[in-house]
**Q** 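Just passing along the structure, written as structure tokens.
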Amino acid sequence: MDHHSINPTDAGKFAADPATEQSLLVRKGIRGVEITGSLFASLAMVILAVRSALRLELRWDTFAYHIPFAARRGGLEIPYAFPSVMEERYRSAPPLAHFLQGILWKLTGQINATGVLNYLGLALFLYFAAKHLKALWWLVTVLCLTVPLVLIHAASSYIDLFTNALLAIGLSSLVVMFLFDRWQEPGLLLWGLAGTVGAAWSKMVVLPVVILTMSGFLVGYAWKARDRQARRGLLLVFVAVVFAAGPCLRNAIVFGNPIWPVPLPIYASHFPATIDSDKSHDEQVPPPLRQLGHVSLFFHSLFEINHPKKYPNRERWIIDQGNAWIAFHSGGFWVVAVITGNVALILLGFLSARRHGWALLGTMGALWLVVSVLPQSHQLRYYQFLPLVIAALTAMLVRRVAVTHPAVTFAILTVFLSEFAWVSWINRAYYHVEKVGWREAAEFYNIRPFWGVLQPGRTYCIEGFGPSGILLTGPTMQEFRIIDHSYPPTGFKETPCPPDALLLQGPRK
């Protein structure tokens, strides 16, 4: 049985009588859904590949720090000095994702290449799920792209999906090892550890889940330590833990705080920090829901309670869920996909084996609860590994359950494919292929008029330009030297302006 099909036409593999008309119809139905799903999944991934290479994301974070960080990590000499708050974030942030963006940019000579990284991360996760988890590749793809935030981030210059795809590789490896006792597979272990370490080196917000995943590997291999191969695996896990701790160890040495500039959740007074967590939390929470606690806010976001179905000035779901009121920075997994995905996974688990069902019910329940208490948990874009893991495990179990429960399999696949078709239509704007590059971004932020009046070779200290300061470096990013003071004071010392620098005031908002 290959990774692309559940071979529903192989009558000998089904418990039902192949001579019955009902059995034949079910098997033909499964085959039809598979063919349709494979076509949809392939077409979607091709379109997203082209879109990711052609379109530069225009939302705030792209130019506030993703593009500037990628340029410096990749060794691109752009005459742009970060605002002090971003300089400190750059110095403390895990470097991997922005380094890879910078390398892609440098190798291709195209800034739009930074948007390919998320797509590559998703493609890597899909390959891993099909190759090492024996999951249906098309079903993993369909389930992932049914989640609006995954679809949107797949062709953007943010790094959230890349980070979460790596984390999902690590976490799903661990779950499968526990579920099916696959501790003796070195390939699965290496993928799991590499994914978890890569996530730790990409974005600090996933650190609690990285710690949880690494702890799971440690416990599992320590439990199996009587076996020689398991002892070798335990040694690999220890090495991976050291590597994963690298960014935190560096921050502890340089700044005295492993998660600088954010305060530690415990013993915060003993470690320096520059961010007020309570104030930052209030600024990111939907205004009408500021009275809710972490857990309530998370589940309010997860199930998109009272979220509008339409907006007059934006798509239903956008990359950061901004420009909203009760849905501000919340939602994006689509409540229908959340419910059906979890129910189907647990059902498939019980149909596979009773212990699988109970294990998955406990595992997913624990994951949802753990994430609910994490910082910014209601901002689901930071936790996209959850639907990715569900997608991989579901597509793996479907192939097992199809052998004994073809009718259930057909029903589940039909529901999933219908959901994908519906949500793809609603989100059709995110399959639209268009060329959006540096000049279009400058037009969007009304920067191009400045290019015609600034003097080449001069240094400018800028204020009030928000995230668009780097765009002032000019059409080729080399014409003007920019020292950005666009953000309000945060306790960091601003880079002083040279005596010959000209002050440039922007349109403050």
Side-chain angles (χ1 to χ4, degrees), residues 3-6 8 29-52 118-119 121-123 125-127 129-130 133 135-156 161 164-165 168 172 302-304 309 315-319 331-348 380-381 384-399 401-402 408-433:
H3 305 165
H4 304 280
S5 172
I6 56 178
I30 291 176
R31 186 58 181 163
V33 172
E34 282 207 290
I35 292 172
T36 305
S38 296
L39 291 173
F40 280 1
S42 300
L43 180 61
M45 289 301 288
V46 169
I47 293 174
L48 289 175
V50 177
R51 177 177 166 88
S52 69
N118 276 331
Y119 179 86
L122 177 61
F125 170 75
L126 298 176
Y127 170 81
L133 302 186
L136 287 172
W137 76 269
W138 71 266
L139 183 56
V140 184
T141 305
V142 162
L143 289 174
C144 289
L145 296 181
T146 299
V147 179
L149 283 181
V150 174
L151 167 64
I152 297 167
H153 280 257
S156 78
L161 180 56
N164 279 273
S172 55
L302 182 66
F303 294 111
E304 299 183 325
K309 302 297 188 295
E315 300 294 328
R316 177 173 176 178
W317 295 287
I318 61 176
I319 193 166
F333 283 0
W334 187 36
V335 58
V336 175
V338 170
I339 294 172
T340 57
N342 280 274
V343 170
L345 176 61
I346 303 306
L347 174 61
L348 289 168
L380 299 182
R381 69 183 176 102
Q384 294 176 65
F385 74 88
L386 287 166
L388 297 186
V389 169
I390 290 173
L393 296 177
T394 299
M396 177 190 68
L397 288 171
V398 158
R399 297 180 71 243
V401 171
V408 175
T409 300
F410 175 64
I412 289 175
L413 293 181
T414 301
V415 168
F416 284 151
L417 194 59
S418 300
E419 289 179 355
F420 172 74
W422 185 86
V423 86
S424 295
W425 172 254
I426 297 299
N427 288 315
R428 60 192 178 277
Y430 298 111
Y431 287 105
H432 177 61
V433 175

**Q** At what distance, to the nearest 0.5 angstrom, does CG of Leu386 lie from CG of Leu302?
**A**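 That separation rounds to 8.0 Å.
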**Q** Measure across Ser156 and Asn118 and return the closest heavy-atom pair with its distance rounded to 0.1 Å.
**A**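 The answer is OG-ND2, 3.2 Å.
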**Q** Can you tell me how far CG of Leu39 sits from CD of Glu34, rounded to the nearest 0.5 angstrom?
**A**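 Answer for the CD-CG pair, Glu34 versus Leu39, is 11.5 Å.
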**Q** Taking all atoms of both residues into account, what is the closest heavy-atom pair of Phe125 and Ala165, and its distance?
**A**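 Heavy atoms of Phe125 and Ala165 come nearest at CD1-O, 3.9 Å.
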**Q** Tell me whether Arg51 contacts the main-chain N or O of Leu48 through its side chain, where contact means a donor paired with an acceptor under 3.5 Å.
**A** no
**Q** Do you know which of Ile339, Val338, Leu345 makes side-chain contact (heavy atoms from CB on, under 4.5 Å) with Asn342?
**A**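 Among the candidates, only Val338 passes.
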**Q** Would you tabulate the side-chain donor-acceptor contacts of residues 387-394 under 3.5 Å, counting partners in other chains and residues two or more places apart, or write 'none'?
**A**
from   : atom 1 : to     : atom 2 : distance (Å)
Thr394 : OG1    : Ile390 : O      : 2.7

**Q** Can you tell me how far the CZ atom of Arg381 sits from the CD1 atom of Ile318, to the nearest 0.5 Å?
**A** 10.0 Å
**Q** For a quick test of reading the model, state the closest non-hydrogen atom pair linking Leu161 to Val150 and the distance between them.
**A**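 The pair with the smallest heavy-atom distance is CD2-O, 3.7 Å.
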**Q** Going from NE2 on His153 to CG on Asn164, what distance comes out if it is rounded to the nearest 0.5 angstrom?
**A**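 So the NE2 of His153 and the CG of Asn164 are separated by 9.0 Å.
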**Q** I'd like a table of donor-acceptor pairs (distance under 3.5 Å, sequence neighbours excluded) in which one partner is a side-chain atom from residues 139-148, with atom names and distances.
**A**
from   : atom 1 : to     : atom 2 : distance (Å)
Thr141 : OG1    : Trp137 : O      : 2.8
Thr146 : OG1    : Val142 : O      : 2.6

**Q** What's the separation between atom CG in Leu397 and atom CZ in Arg399, rounded to the nearest 0.5 Å?
**A** 11.0 Å
**Q** Could you tell me the separation between the OG atom of Ser52 and the CD1 atom of Ile47, rounded to the nearest 0.5 Å?
**A** 12.0 Å
**Q** I want to check something: taking the side chain as every heavy atom from C-beta on, are Val401 and Ile412 in contact at a cut-off of under 4.5 Å?
**A**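 No. Closest side-chain heavy atoms not under 4.5 Å.
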**Q** Among Val423, Leu149, Leu151, exactly one meets side-chain contact (heavy atoms from CB on, under 4.5 Å) together with Trp317. Which residue is that?
**A** Val423
**Q** Quick one, Phe333 and Glu304 - any side-chain contact, counting heavy atoms below 4.5 Å?
**A**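 No - every pair of side-chain heavy atoms lies 4.5 Å or more apart.
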**Q** If the plane angle is over 60° it's perpendicular, under 30° parallel, otherwise tilted; pick one for Phe420 and Phe40.
**A**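 Ring orientation, 0 to 90° scale: tilted.
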**Q** So do the side chains of Val33 and Trp138 get within less than 4.5 Å of each other, counting heavy atoms only?
**A** yes
**Q** Taking it one step at a time, do Leu126 and Met45 satisfy side-chain contact (heavy atoms from CB on, under 4.5 Å)?
**A** CA-CA 11 Å; Leu126 298 176; Met45 289 301 288; 3.7 Å; yes
